[in-house]
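Computed from a predicted model, the values in this text were never measured in an experiment. Here is how names work: the chains are called A, B, and so on, in the same order as the sequence lines, proteins then strands, and each is numbered from 1.
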Number of protein chains: 4
Amino acid sequence: MTSPPLTRAEQKKLELRRDIIEAAFDVFAEKGYHATGIADIAARLGIGHGTFYRYFENKRDIVEHVVDDLIGRIVGALADENAPDAVDTLEDYRAQTARIGLAFGRIALADPRIPQMVILQAPGIDPAMGERIQDFFATAEGLTAKYLERGVSLGYLRPDLDVAGTSVAINGMILGSLLAAIRNPDAGAQERLSEAIRRVMYDGISA
Amino acid sequence: MTSPPLTRAEQKKLELRRDIIEAAFDVFAEKGYHATGIADIAARLGIGHGTFYRYFENKRDIVEHVVDDLIGRIVGALADENAPDAVDTLEDYRAQTARIGLAFGRIALADPRIPQMVILQAPGIDPAMGERIQDFFATAEGLTAKYLERGVSLGYLRPDLDVAGTSVAINGMILGSLLAAIRNPDAGAQERLSEAIRRVMYDGISA
Amino acid sequence: MTSPPLTRAEQKKLELRRDIIEAAFDVFAEKGYHATGIADIAARLGIGHGTFYRYFENKRDIVEHVVDDLIGRIVGALADENAPDAVDTLEDYRAQTARIGLAFGRIALADPRIPQMVILQAPGIDPAMGERIQDFFATAEGLTAKYLERGVSLGYLRPDLDVAGTSVAINGMILGSLLAAIRNPDAGAQERLSEAIRRVMYDGISA
Amino acid sequence: MTSPPLTRAEQKKLELRRDIIEAAFDVFAEKGYHATGIADIAARLGIGHGTFYRYFENKRDIVEHVVDDLIGRIVGALADENAPDAVDTLEDYRAQTARIGLAFGRIALADPRIPQMVILQAPGIDPAMGERIQDFFATAEGLTAKYLERGVSLGYLRPDLDVAGTSVAINGMILGSLLAAIRNPDAGAQERLSEAIRRVMYDGISA
DNA sequence: TATGAATGAGCGTTCATTCAT
DNA sequence: AATGAATGAACGCTCATTCAT
């Protein structure tokens, strides 16, 4: 692993690159992708809009990076928890789901525009981006399935559990809670929602 | 019951109107709203694009009607089941959720582009449409809550059930299953998914 | 001179033709030629706009007829007075100018939209119409010149009178008074204006 | 007097702005406002039509500037003479009117499209522009009235002069001579016309 | 390297005109 | 003869992208 020795200029470039991504996210979230002009993004940073093209290929390129960045933030926030192998008991899993719920809550609370962009804006940008988001969902389901499979084989989850279907259900609940958080970005509500989901998961709803 | 006496010409007009809505849905689903030109819609029907404007105000107007139509189809398909008052026991509710699951399955199966359009495309069209879809979600949650409240007060659902949060969770699972159906529009998968959701709801996932 | 025996149907046709010309004048005066659609004219009469084309070739045709009609009305209103040969003395001419002034006043008073259309709207419709209006002005000047020439040769006007130039001047004063009448369509003002013009003509302005 | 320090680029911008106004005037005068497309204006300058929109808001904006420019040129050409207070005797006034006549003659002679545009084209562009031109006429009359009032009170004009009406008459004669100049842009004719008008003004037409 | 002036493809929309009914 | 549904040419305007400075 060579640690690249960055010159002052190179650092500045990387910094501006990041700034552009953030500014683009701001404007996209505010006006929507199609209503946003490159000039809007540049104006927000006080740079010439020609400069934009020295950092990104085109409009499509920047939204790609914005979405990648957001997905990266989500994945990153969950990274610590992403270890199906570390879960061995129902207690572990319960705790794990609580931590994941907490992580999602923090993301949505820190910036509700993140789920708003990823779930509601991005899929409509164009077919390619739609597929990209669908893939992200599929990946999340795959990960959930890993947990469930392990739970079944270790015996702390129902042996007849439909792993694939239940993954969809669990991820759906997370999705639902994120959409709810967009409408009502409130810490308490977030917490209650997370708890309600876990109750459904572990206890069902019947009396 | 007034039977509207439609002339031949009026019937043709209504028919073309419907055809335009359907053609627009086709093209929007294929290329996305913004990449679709009025000319594309007209060309698909073999009509002049000026004709389009005899039936709809503008591009925004048609997508409004397309989405209304789709939401209408969804609501219509559920209309028979939308009677919280008719549910009195856990068995009733279980049967009810099965029927609702079936209805959603049929919708997604009949045309996966319906959930694709409503859930993934529409919210990104513009802020107004985004709000419209969010409202639709909120309405669905409200309806679910009605069922849950009744279940709690009649005693067949957990007395400590977080009605609001659980509504979000349940609707999230439906959303998740619809997204899954978009990726994999298969009757069997749909059915299994529906069953898995119900199992989570009633039995939880623990062993 | 054969007096054409008009059937009932033919009379109705002529009547509608006139109605269309009048409706067109109304709408042109209200919205301007270019902002007026054929549909606007038809709507004002409660006829289908296809019907319009059974009476006039096209939009250009109707405005031609409207303007012709207006010019015809102006010329008609002056027709009685249009007899340079009947003027033999300064008194005659003075009376003649008074009558002409009165006639113009009546026109502008009856409907200020007439000068407004002919002087201010029509010339800008297209180069051809512009020329048409210029020709009308030229014709008016020619007629004025006839009077002046006769006045000079009969000796009651200045022998060194610049007939052509003075015709321009006199017609200009009429034009000015019509424009003033558009701004302020008032009988008294009209009358005073007419008098002022005659005073300038006959007495000049010096003390 | 601030001397604005213009960079080379800024000068070029201003220059192009002027060029666009002039090109627009050319095309408007040739084809009329409504028959002129932005593309026509751009083509005449050999610039892309998108460039046009970097300098003017829209089509309406450019014609506004064109007309302003022309009115400005007219007013500017008369500016030296616009001093009613400097006129104290009939001789002064006679000289003044001669100078004004000369100025108008020069304008019309330099470019007969100037009066053509202001008097014949502009009023028909739309109601707002129509009013603008009418206001211009009214202003001109007001100025003329100032001269006449002073002349009456100083005693070198008829005491019973109808100031308002005579202003209309005088401005009408100018208008008429400008229209004549459009039809026949000739220096000699212009000069004769100006003289004829003054003769009418001061001496009347009677023998 | 940063800039922003220039560009033109592309699209939404209008409306005069035609013609089948 | 009257209608109005259909049509498509035409045009105003936007904005992503390029490139000379």
Side-chain angles (χ1 to χ4, degrees), chain A residues 9-10 12-13 16 34-43 45-63, chain B residues 7-10 12-13 16-17 34-43 45-62, chain C residues 9-10 12-13 16 34-43 45-63, chain D residues 7-10 12-13 16-17 34-43 45-62:
Chain A
E10 281 170 333
K12 271 223 157 176
K13 249 196 110 152
L16 180 50
H34 284 102
T36 296
I38 296 301
D40 297 321
I41 299 170
L45 288 169
I47 64 173
H49 65 276
T51 308
F52 170 90
Y53 285 91
R54 304 192 63 76
Y55 290 83
F56 296 93
E57 287 288 317
N58 50 39
K59 195 181 172 183
R60 188 50 220 279
D61 188 27
I62 181 68
V63 77
Chain B
T7 68
R8 196 79 52 82
E10 282 168 332
K12 269 215 152 183
K13 263 196 100 159
L16 180 49
R17 206 185 142 83
H34 283 102
T36 296
I38 297 301
D40 297 323
I41 298 170
L45 288 168
I47 63 174
H49 67 274
T51 306
F52 170 90
Y53 286 94
R54 294 187 55 76
Y55 291 84
F56 296 93
E57 287 287 318
N58 49 40
K59 194 181 171 184
R60 189 53 219 281
D61 190 27
I62 182 67
Chain C
E10 281 168 333
K12 271 224 156 175
K13 249 195 112 154
L16 180 50
H34 283 103
T36 295
I38 296 300
D40 297 321
I41 298 170
L45 287 169
I47 63 173
H49 64 276
T51 307
F52 171 90
Y53 284 92
R54 303 193 64 77
Y55 292 81
F56 295 93
E57 286 288 316
N58 49 40
K59 194 181 172 184
R60 189 51 221 278
D61 188 27
I62 183 67
V63 77
Chain D
T7 68
R8 195 81 51 83
E10 281 168 332
K12 269 215 153 183
K13 263 196 101 160
L16 180 49
R17 206 186 144 82
H34 283 103
T36 296
I38 297 301
D40 297 322
I41 300 170
L45 287 168
I47 64 173
H49 67 273
T51 306
F52 170 90
Y53 286 94
R54 296 187 54 76
Y55 291 84
F56 297 93
E57 288 286 319
N58 48 41
K59 194 181 170 183
R60 189 51 220 278
D61 190 27
I62 183 66

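Contact check, Y53(A) against dG4(E): no side-chain N or O comes under 4.0 Å of OP1 or OP2. Between Y55(D) and dA6(E) there is a side-chain N or O to OP1 or OP2 distance below 4.0 Å. For K13(B), a side-chain nitrogen or oxygen approaches OP1 or OP2 of dA5(F) to under 4.0 Å.
In this structure, E10(D) places its CD atom 17 Å from P of dT3(E), rounding to the nearest Å. When rounded to the nearest whole Å, the span between CZ of F52(C) and P of dT3(F) equals 14 Å. Here the P atom of nucleotide dT3(F) and the CD1 atom of I38(C) are 15 Å apart, to the nearest Å. Whole-Å rounding puts the K59(D) NZ to dA10(F) P distance at 15 Å. Regarding L16(A), its CG atom lies at a distance of 10 Å from the C1' atom of dA2(E), rounded to whole Å. The CG-C1' distance, from L45(B) to dA5(F), rounds to 15 Å in whole Å. Remark: C1' of dA20(E) and NZ of K12(B) are 11 Å apart, rounded to the nearest angstrom. Counting to the nearest Å, the P atom of dG4(E) and the CD1 atom of I47(D) are 20 Å from each other.
Using a 4.0 Å heavy-atom criterion, one finds that G37(C) contacts the sugar-phosphate atoms exclusively.
The two residues A39(B) and H49(B) have their closest heavy-atom pair at CA-CB, 4.2 Å.
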Task: Stepwise side chain to side chain contact (heavy atoms under 4.5 Å, CB included) test for F56(D) and I38(D) - done: CA-CA 11 Å; F56(D) 297 93; I38(D) 297 301; over 6 Å; no

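Comparing A39(D) and T51(D) against DNA chain F, the residue whose closest nucleotide sits nearer the 5' end is A39(D). For H34(C) and N58(B), each mapped to the nucleotide of DNA chain E holding its nearest heavy atom, the one lying further toward the 5' end belongs to N58(B). Ranked by how close their nearest DNA chain E nucleotide is to the 5' end, G50(D) and T36(B) are led by G50(D).
Donor-acceptor pairing under 3.5 Å, judged by distance alone, is present between the side chain of H49(C) and the base of dA5(F).
The distance from the OH atom of Y55(A) to the CG atom of D61(A) is 14.0 Å, given to the nearest 0.5 Å. Atoms CZ and CG, on F52(B) and L45(B) in that order, are 10.5 Å from each other to the nearest 0.5 Å. Distance check, rounded to the nearest 0.5 Å: NE2 of H34(A) to NZ of K59(A) gives 6.0 Å.
When both pairing distances are held under 3.5 Å, dA1(F) makes no Watson-Crick or G-U pair with any nucleotide shown. When both distances must be under 3.5 Å, the Watson-Crick or G-U wobble mate of dT14(E) is dA9(F). Across all strands shown, dC15(F) pairs with dG8(E); the Watson-Crick or G-U wobble distances both stay below 3.5 Å.
Checked against dA6(E), dT3(F), dT13(E), the side chain of R54(D) finds its nearest nucleotide in dA6(E).
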